Amino acid sequence: MSERTVLSKDKISSQALKAISNFHPDIVRVVMETVAQDRVVVVGMKQNPVVKQARQLLDQQNIRYTYLEYGSYFSMWKERLAIKLWSGWPTYPQIFVNSTLIGGLADLREEVASGELQKRLQK
């Protein structure tokens, strides 16, 4: 597995680094703390049918999860962008199991079908 490409910090001015670190840190901190504390976390937004499908799949599997919702298509886009920058995942939902980002709905479906999700939950 290869690392995702990110701009090297030595190629970012100190002013830009400060702006990045101050970009909605409270929201990112809440997500980080929740992911570290709870076994399964779904980060999503209102009006997104894919987020709803992921939650329904977890409900069907009788898997308890914490849901963090940040705005809709019309609100809180900057806060959601801060979460995307932190996680590196470009879309919602963002699904975490035992502090590990497994991805979105398609990834969740694959893990359920293969039994990998149950293995993760047993760890």
Side-chain angles (χ1 to χ4, degrees):
M1 176 176 15
S2 63
E3 296 275 328
R4 73 180 171 106
T5 304
V6 295
L7 188 59
S8 173
K9 284 188 178 182
D10 66 339
K11 299 296 182 186
I12 304 172
S13 73
S14 59
Q15 183 178 359
L17 282 171
K18 183 178 178 183
I20 292 167
S21 67
N22 290 325
F23 192 66
H24 299 283
D26 294 342
I27 297 287
V28 173
R29 185 172 25 261
V30 168
V31 174
M32 287 175 57
E33 289 171 357
T34 304
V35 165
Q37 168 185 314
D38 297 350
R39 289 187 83 188
V40 180
V41 178
V42 178
V43 182
M45 57 188 276
K46 292 180 190 173
Q47 302 173 324
N48 185 322
V50 181
V51 172
K52 184 176 181 180
Q53 290 172 32
R55 294 177 68 198
Q56 288 173 337
L57 179 54
L58 289 168
D59 289 339
Q60 290 166 0
Q61 300 296 311
N62 293 316
I63 296 172
R64 292 181 54 177
Y65 59 92
T66 300
Y67 178 54
L68 301 175
E69 182 174 88
Y70 294 103
S72 68
Y73 289 103
F74 304 107
S75 67
M76 297 186 78
W77 68 269
K78 286 183 179 181
E79 290 85 347
R80 287 193 310 279
L81 178 58
I83 296 166
K84 289 178 181 183
L85 291 170
W86 165 74
S87 70
W89 191 255
T91 60
Y92 288 97
Q94 295 188 12
I95 303 164
F96 297 84
V97 178
N98 292 332
S99 301
T100 299
L101 174 67
I102 65 165
L105 175 61
D107 307 286
L108 178 63
R109 284 181 175 150
E110 285 180 26
E111 291 223 350
V112 167
S114 70
E116 185 63 31
L117 183 62
Q118 286 302 327
K119 290 178 187 175
R120 286 183 189 277
L121 291 171
Q122 290 172 358
K123 291 181 184 179

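Heads up: numbering here begins at 1 and tracks the sequence. None of these values were measured; they are calculated from a predicted model.
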After noting the C-alpha distance and the side-chain angles of Tyr67 and Val51, does the key distance pass the side-chain contact (heavy atoms from CB on, under 4.5 Å) rule?
-> CA-CA 10 Å; Tyr67 178 54; Val51 172; 3.5 Å; yes

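Residues Ile95 and Ala54 share a closest heavy-atom pair of CD1-CB, 4.0 Å. Between Ala82 and His24, the shortest heavy-atom distance links the atoms CB-CB, 3.8 Å. The minimum heavy-atom distance between Asp107 and Ile102, with the atom names listed, is CB-O, 3.2 Å. Contact detail for Tyr73 and Pro49: the closest heavy-atom pair is OH-CD, 4.1 Å. The minimum heavy-atom distance between Ile27 and Met76, with the atom names listed, is CD1-CE, 4.4 Å. In terms of heavy-atom proximity, Asn48 sits nearest to Tyr92 at ND2-O, 3.7 Å.
Side-chain contact between Leu81 and Phe23 is present, with heavy atoms from C-beta onward closer than 4.5 Å. Between Leu108 and Val97 there is no side-chain heavy-atom pair separated by less than 4.5 Å. Contact annotation: the side chain of Leu68 never approaches that of Ile83 to less than 4.5 Å [non-hydrogen atoms, C-beta and beyond].
For the pair Ser99 (side chain) and Val35 (backbone), a donor-acceptor distance under 3.5 Å is present. The main-chain N or O of Tyr70 is found under 3.5 Å from a side-chain atom of Arg80 such that the two form a donor-acceptor pair. In this structure, Gln94 contributes its side chain and Trp89 its backbone to a donor-acceptor pair below 3.5 Å.
In this structure, OG1 in Thr91 is found 7.0 Å from NZ in Lys84, a value given to the nearest 0.5 Å. Here the CZ atom belonging to Arg55 is positioned 7.0 Å from the CD atom belonging to Glu69, to the nearest 0.5 angstrom. With rounding to the nearest 0.5 Å, the separation of CD in Glu79 from CG in Asp26 is 10.0 Å.
Residues Phe74 and Met45 fall within the same hydrophobic cluster, defined by Ile, Leu, Val, Met, Phe, Trp and Tyr side chains chained together at heavy-atom separations under 4.5 Å. Leu7 and Leu85 fall into different hydrophobic clusters, defined by Ile, Leu, Val, Met, Phe, Trp and Tyr side-chain heavy atoms under 4.5 Å apart, directly or through other members.
In summary, the side chains of Ser75 and Trp77 do not present any donor paired with an acceptor at a separation below 3.5 Å, with no hydrogens or angles considered.
Evaluation of the ring-ring contact (aromatic ring centres under 6.0 Å, His included) rule for Trp86 yields Phe96 as partners, not counting sequence neighbours.
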